[in-house]
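Note sheet for the following structure.
Each chain gets a letter, A, B and so on, in the order the sequences are listed, and its residues count up from 1.
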Protein chains: 2
Amino acid sequence: MTELATTGTDLPRLRELNSLSIVRALRDHPPSTVTELSQRTGLSRPAVDVIAQGLVSDGWATVLEPGASSAVGRPARRYQFRAGAGHVIGVDVGVHKILALLADLDGNIVHTVRQAVSAEAEPAERLAVLDDVLDACVAGSGKSAADIWAVTAAVTGAVDASGRTSFFTPLPGWKSVDLAAHLGHRFSCPIVVENDCKLAALAEKWQGVARDADDIVYLLAGMRNGAGLIIDGVLRRGFGGAAGEIGALKHVRWLNAPEHLQNCPGVPDTVSPDDAAAWVFNAARDGDKAARGAVNRYVKDLAVGAAALVLTLDPQVVVFGGGFSRSADLVLDPLRHELQRLCLRMPDVRASTLGADSVALGALKLSLNEVDTRLFSAGLSAPVAPRRQ
Amino acid sequence: MTELATTGTDLPRLRELNSLSIVRALRDHPPSTVTELSQRTGLSRPAVDVIAQGLVSDGWATVLEPGASSAVGRPARRYQFRAGAGHVIGVDVGVHKILALLADLDGNIVHTVRQAVSAEAEPAERLAVLDDVLDACVAGSGKSAADIWAVTAAVTGAVDASGRTSFFTPLPGWKSVDLAAHLGHRFSCPIVVENDCKLAALAEKWQGVARDADDIVYLLAGMRNGAGLIIDGVLRRGFGGAAGEIGALKHVRWLNAPEHLQNCPGVPDTVSPDDAAAWVFNAARDGDKAARGAVNRYVKDLAVGAAALVLTLDPQVVVFGGGFSRSADLVLDPLRHELQRLCLRMPDVRASTLGADSVALGALKLSLNEVDTRLFSAGLSAPVAPRRQ
DNA sequence: CGCAATACGCTTTGATCTTTACAAAATCGT
DNA sequence: ACGATTTTGTAAAGATCAAAGCGTATTGCG
């Protein structure tokens with residue numbers, strides 16, 4: 001059911017609605033003429049004209065005076081959404097690295113800053129690196145913190161409504177960190193903290209292999225397994241933010257699954273525990289019997305949890321992402337085979353192509369969604385950075 | 001994000017929007033004065049006045065001339081949504097019975113017809129009984145088939161997009177039945193076929209114990225276990241209609257769970273297999289050791305599947321429904337205990353109170369939703385029964 | 001150079017909501 | 001009983017907005 005305004009609509013609101021309609025028609029399109037916009041929205045040409053001029057004077061759009069025209073007739077002015085009117089940030093506070101992306105309102109990435117951090121770093125140190133990265137990202141793009149319209153931070157572990165990771169997190173001492181409050185000292189715009197798996201799922205729907213799907217189960221496969229769920233085109237957090245945490249169920253052996261790789265016989269002592277999985281995948285690719293067995297046992301355990309998610313949600317697509325997605329060539333076919341055996345209706349199984357940046361990319365997308373929500377609910381006055389509350 | 005009309009809005013559409021706004025303000029409220037509606041919608045009193053009169057002349061509302069007034073000032077005319085403008089049907093095509101409910105647009109049940117049918121009945125026989133029940137229901141309420149605006153039929157087994165139950169159904173020979181087509185010969189209005197667990201979940205959200213929740217896992221517990229999922233206030237079917245079918249996963253012992261009750265030692269030979277569970281529950285209530293053990297084993301197995309659903313979705317409420325919900329006094333506490341052990345965030349666990357009629361009630365609600373969707377998307381002309389396509 | 005095609009900008013018209021004003025109908029106070 | 005008060009119903013005026021129509025500007029083609 002289309003959600004209609006429950007409140008009555010008067011004329012100014014009508015104008016606002018139509019302005020938003022024009023903004024929508026402007027976005028994700030090349031610079032458009034008034035006639036094109038008129039056809040796209042169903043509004044009359046004069047109406048589009050005055051609205052477009054209003055958008056230009058408000059700063060939401062820019063006008064391109066006609067240059068060399070290829071068509072017959074008088075060359076038309078073209079209007080363009082001013083994506084540079086605002087910027088948003090998505091930052092992945094990972095175990096080994098912190099990666100910040102800064103983009104305009106169209107999602108074009110303007111600046112990227114990445115910095116390594118020790119997995120054992122205390123919260124204070126990690127937060128200090130985060131601050132450095134954010135400062136560098138904002139400064140490097142020639143902006144100031146006041147120009148940022150939304151910030152989303154990705155962390156591991158289930159994030160509750162208040163932005164805390166109280167249930168579980170592998171980051172040492174992180175349970176007591178109030179990341180949203182910390183970021184709030186630096187930015188006055190809305191701040192969102194979200195789980196990394198969920199954000200990676202969002203990225204796959206936005207720019208990844210699941211663009212065509214509205215029901216998606218995203219598997220973040222690495223030394224830890226996680227999942228992100230998109231249902232009916234919307235990222236679902238669950239009532240307490242703990243949706244997708246099927247790994248907590250012992251009957252589903254997600255916690256043990258990566259151990260098959262880590263404890264695979266034949267891994268040389270010179271290989272560090274963090275790189276063991278990569279070694280095993282390579283060995284399996286070379287035909288090593290023991291490595292192949294370990295991969296198979298890994299996939300068998302992974303598939304049980306995936307099957308639980310698939311049977312619960314009946315998604316269109318399952319995306320195999322995370323660090324192990326580089327070895328999708330070894331995993332995908334046996335995973336499909338296992339799922340076929342365990343599931344009622346077989347979903348499409350695809351390997352992620354976004355790589356390790358997908359988490360930050362998803363954070364960026366959530367920031368953009370946050371801006372859109374405010375835009376399309378609060379109406380559009382002049383383009384300025386929104387303030388929290 | 002609130003879904004706004006992507007197309008431009010002109011003046012007639014504005015009037016339509018406001019008319020819908022008034023209809024919304026009228027529904028689920030006692031007969032209202034123009035002033036009340038004005039406050040509820042934010043529209044001015046004269047605007048509400050003309051719209052309300054338009055609704056009356058269209059047949060969407062009735063006017064109550066002022067009677068004995070209790071307040072000071074001139075007594076106001078009162079407007080009321082004409083729930084009797086249309087009627088919908090929800091019918092449960094169960095294994096043992098067929099139950100049809102006919103209600104007006106407010107969901108007030110006008111007529112009920114129930115008829116038993118053998119569990120082994122062939123499709124032709126079952127469809128004949130269904131036809132009889134529907135005829136009796138329509139005729140008994142003084143209506144004709146043309147007065148019905150939507151029909152929803154509940155069946156067991158996953159229902160795909162075309163209304164078939166191709167994956168699985170316990171009804172003999174039912175896989176090849178096209179129920180929607182069968183009903184289409186009798187009704188020209190929209191027809192929906194849906195899984196019984198999902199509809200029971202909808203009923204619990206509508207009129208049951210989960211009215212306050214937007215994220216619900218409904219367990220249909222009986223000799224067969226099923227589940228229905230409501231996420232963000234909306235019933236979710238999954239891409240292929242097979243959402244909630246966690247019972248298909250062997251690691252989750254849902255298929256075997258009821259066997260603990262059926263095979264409980266001590267059940268007299270005089271008790272039929274269908275009544276064995278009830279006997280065990282009663283014996284457990286009386287303190288029978290073996291029966292208590294069987295119930296505990298049953299709950300332990302049930303809880304694993306429930307935990308898989310809860311961990312996947314992180315719902316606010318888990319509703320224990322279905323035939324066994326009569327014995328909720330024995331199940332609820334151990335179920336809570338097991339879930340506490342298995343889950344990350346403990347949801348609220350509640351027993352259904354709607355009983356065996358919840359499936360038909362949910363079907364009724366889905367019919368009402370179907371009508372609402374058409375109403376609020378297609379706009380409201382005169383109230384007439386919609387036609388398919 | 002003239003004609004056709006297209007886009008632009010202005011004016012008029014019609015529809016809708018809001019504001020304001022005033023009459024009608026009931027209760028309350030004296 | 002009668003006027004004051006309060007609330008409702010209704011009408012008129014003002015404001016806003018989109019649609020329709022029409023003249024003008026600019027380009028391409030013959």
Handout entry: Main-chain N/O of A:Ala213 paired to A:Lys205 side chain as donor or acceptor, under 3.5 Å
Key = yes

Problem - Presence of A:Arg77 side-chain N/O under 4.0 Å of C:dG9 phosphate oxygens OP1/OP2 - result: yes

Completion exercise
Closest to the side chain of A:Arg15, out of C:dC17, D:dA18, D:dT27, is D:dA18

Practice task
Tell me which of B:Tyr79 and A:Leu14 sits closer to the 5' end of DNA chain D, going by the nucleotide each one is nearest to.
Solution key: B:Tyr79

Handout entry: Nucleotide of D:dC22, D:dG9, D:dA18 approaching B:Leu11 most closely (side-chain heavy atoms)
Key = D:dA18

Handout entry: Per A:Asp10 side chain, nearest of listed nucleotides C:dC17, D:dT27, D:dT7
Key = C:dC17

Exercise for the section: Look at the side chain of B:Arg74 and the base of D:dG9, then say whether one donor and one acceptor between them are separated by less than 3.5 Å. Expected result: no

Practice task
Looking only at side-chain atoms of A:Arg45, point me to the closest of C:dC10, D:dC22, D:dT27.
Solution key: D:dC22

Practice task
Kindly compute the distance separating CG (B:Leu199) from CG (B:Leu364), expressed to the nearest 0.5 Å.
Solution key: 10.5 Å

Handout entry: Nucleotide nearest B:Val72 (side chain, heavy atoms from C-beta), chosen from D:dT7, D:dA18, C:dC17
Key = D:dT7

Exercise for the section: Say whether, by atom type as modelled, one donor and one acceptor occur between the side chain of B:Arg236 and the main chain of B:Ile231 under 3.5 angstrom. Expected result: yes

Practice task
Choose from D:dT6, D:dT8, D:dA11 the nucleotide whose nearest atom is closest to any side-chain atom of B:Ala76.
Solution key: D:dT8

Exercise for the section: Would you kindly compare A:Gly42 and B:Thr33 by the position of their nearest DNA chain D nucleotide and give the one closer to the 5′ end? Expected result: B:Thr33

